[in-house]
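Reading through the structure tokens given below for one structure.
For reference, positions follow the sequence shown, starting with 1. First listed ligand is number 1; within each ligand, the first listed atom is number 1.
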Amino acid sequence: MTKINSLEDHATRRFRLAGKAYLESGDPFFAPIDSLRKEAAANGRRFVSFANYDYLGLSSHPAVKSAASGALETFGVGALASRLVGGQRSLHHILEDDLAKFIGTQSALTLVSGYLANVTTISHLLGSRDALFIDELSHNSIVSGAKSAVAETIIFRHNDFDHLDFLLRERRESYRNVMIVAEGLYSMDGDIADLPRLVEIKESHNAWLMIDEAHSIGVLGAEGRGLCEYCGVDPQRIDLMVGTLSKTLASCGGFIAGKAAVIEWMRYTLPGFVYSVGLSPVISAAAAAALQLMQTETWRLERLRKNAELFVDLARESGLDTGPAIGRGVVPILFADSLDTLDASRHLMENGYYVPPIIQIGVPKDQPRLRFFISASHTEEEIRGVIDLLARREPVSTAPALGAAVAP
Ligand code: PMP
């Protein structure tokens with residue numbers, strides 16, 4: 001008889017293979033953090049977080065909070081149904097119109113998360129005679145979308161558009177529609193795609209282009225309008241943008257944006273929109289208020305830029321490895337191995353900074369790092385302080401025994 005494999009046994013084994021041993025000397029994850037500088041309930045100490053993507057420092061802004069509480073009073077909490085069959089709220093339209101205007105597209109549609117936006121859009125758009133070309137470092141939501149699509153997925157080397165062009169030359173003719181997916185600001189490396197080149201390639205191969213602007217809205221470009229503004233490309237040349245309300249927009253939820261005809265079709269057919277609830281009025285109001293603030297309190301973007309540039313300059317001067325980061329909202333610091341990364345994270349935690357290690361998940365296993373989200377609300381002293389701690393830390397030696405506990 002086959003031995004029964006309980007779900008509990010299965011989970012325990014899989015977690016061990018995924019590197020659970022790293023947690024045994026203290027769990028750096030899921031710390032109780034209520035805001036950037038609050039008392040940490042766990043140890044009663046104060047620490048500064050570089051682990052939250054509140055790029056412009058809007059999540060606790062009085063105008064965002066009062067928009068949210070006003071909507072709560074007027075409309076209650078829930079959206080109550082899918083908008084197609086249950087009706088929608090004026091706040092949904094306001095937010096979507098404002099988003100489309102800000103990004104420079106004709107239309108936008110919100111969904112309950114950015115993750116869902118990627119998964120459902122990618123799998124919905126492409127059929128069995130189509131292909132998807134994605135960057136090897138794509139966010140997991142893009143990979144999940146690709147896995148759920150019936151179309152073939154072809155992976156190009158990170159930001160290597162000669163490789164993409166080569167693959168398209170070789171294979172474009174075999175498919176009906178092809179879509180290329182890239183990101184605005186890569187969430188683990190803080191680098192960007194060469195968008196003018198990408199647009200040229202997409203146009204020459206008659207492909208669609210989707211850009212995930214999750215980390216670039218409010219971060220890139222003179223006014224924070226994203227990768228197009230940063231690279232001087234007309235947003236109308238991008239077929240589809242995907243974004244989130246959870247980062248600069250200080251809320252929760254996702255969106256897609258593009259030509260009116262495309263978004264109109266999605267409004268009636270996109271499974272993740274049609275078969276899921278609309279955004280809560282509370283978070284719609286908060287995100288709409290944050291979007292307004294981005295355009296009125298423009299000093300925030302300037303402050304973010306200065307903070308991020310200071311961070312990256314100090315790190316590089318100190319000999320820390322920031323990889324290809326361009327010095328905007330996301331900057332990684334790479335370490336020799338997972339053990340050294342864990343040690344660096346603990347060292348920061350002991351000295352008042354919260355930066356959990358990125359090991360095993362979300363990055364190649366041989367490229368562990370601390371990933372810093374820089375915010376307009378960080379002070380120069382905090383930035384200098386965290387870099388100084390890392391610069392003066394002695395690296396720990398590597399431990400093959402721990403590495404051996406990790407899945408092949
Ligand atoms: N795309 C990218 C590039 C992301 O980094 C993330 C979240 N970290 C998402 C999509 C998902 O966004 P959300 O948090 O709204 O689900």
Element-labelled atoms of ligand 1 that are located less than 4.0 Å from some non-hydrogen atom of [X]:
X: Y115; result: 11 (C), 12 (O), 13 (P), 16 (O)
X: S113; result: 15 (O), 16 (O)
X: D212; result: 1 (N), 2 (C), 3 (C), 10 (C)
X: S187; result: 5 (O)
X: S141; result: 1 (N), 10 (C)
X: H215; result: 3 (C), 4 (C), 5 (O)
X: A214; result: 1 (N), 2 (C), 3 (C), 4 (C)

Top protein contact for [atom], by heavy-atom distance:
atom: atom 14 (O) of ligand 1; result: S246 OG, 3.2 Å
atom: atom 9 (C) of ligand 1; result: H139 CE1, 3.6 Å
atom: atom 15 (O) of ligand 1; result: T244 OG1, 2.6 Å
atom: atom 7 (C) of ligand 1; result: K247 NZ, 2.7 Å

Checklist entry - Can a non-hydrogen atom of G253 be found less than 4.0 Å from any atom of ligand 1? => result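 Within the 4.0 Å threshold, so yes.
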Do the side chains of [X] and [Y] get close enough for a salt bridge, i.e. N-O under 4.0 angstrom?
X: D165; Y: R169; value: yes
X: E381; Y: R384; value: no
X: D162; Y: R197; value: yes
X: R369; Y: D189; value: yes
X: D239; Y: K202; value: yes

Next on the checklist: Under the rule for salt bridge (charged side-chain N to carboxylate O under 4.0 Å, His left out), what residues qualify as partners of R303, not counting sequence neighbours?
Outcome noted: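 Expected list: none.
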Checklist entry - Is G114 close to ligand 1, meaning an N/O of one under 3.5 Å from an N/O of the other? => result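 N/O-N/O distance under 3.5 Å: yes.
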Checklist entry - If we only count N/O pairs under 3.5 Å, is E183 in contact with ligand 1? => result no
Checklist outcome for this item: Contacts satisfying ring pair (Phe, Tyr, Trp, His ring centres under 6.0 Å) that involve residues 68-90 (not counting sequence neighbours) are none
Checklist entry - For the ring pair Y354 and F47, is the centre-to-centre distance below 6.0 Å? => result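 Yes, the ring of Y354 comes within the 6.0 Å limit of the ring of F47, centre to centre.
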Next on the checklist: I'd like to know if the side chain of S144 pairs up with that of Y115 as donor and acceptor (distance under 3.5 Å, no hydrogens or angles considered).
Outcome noted: yes
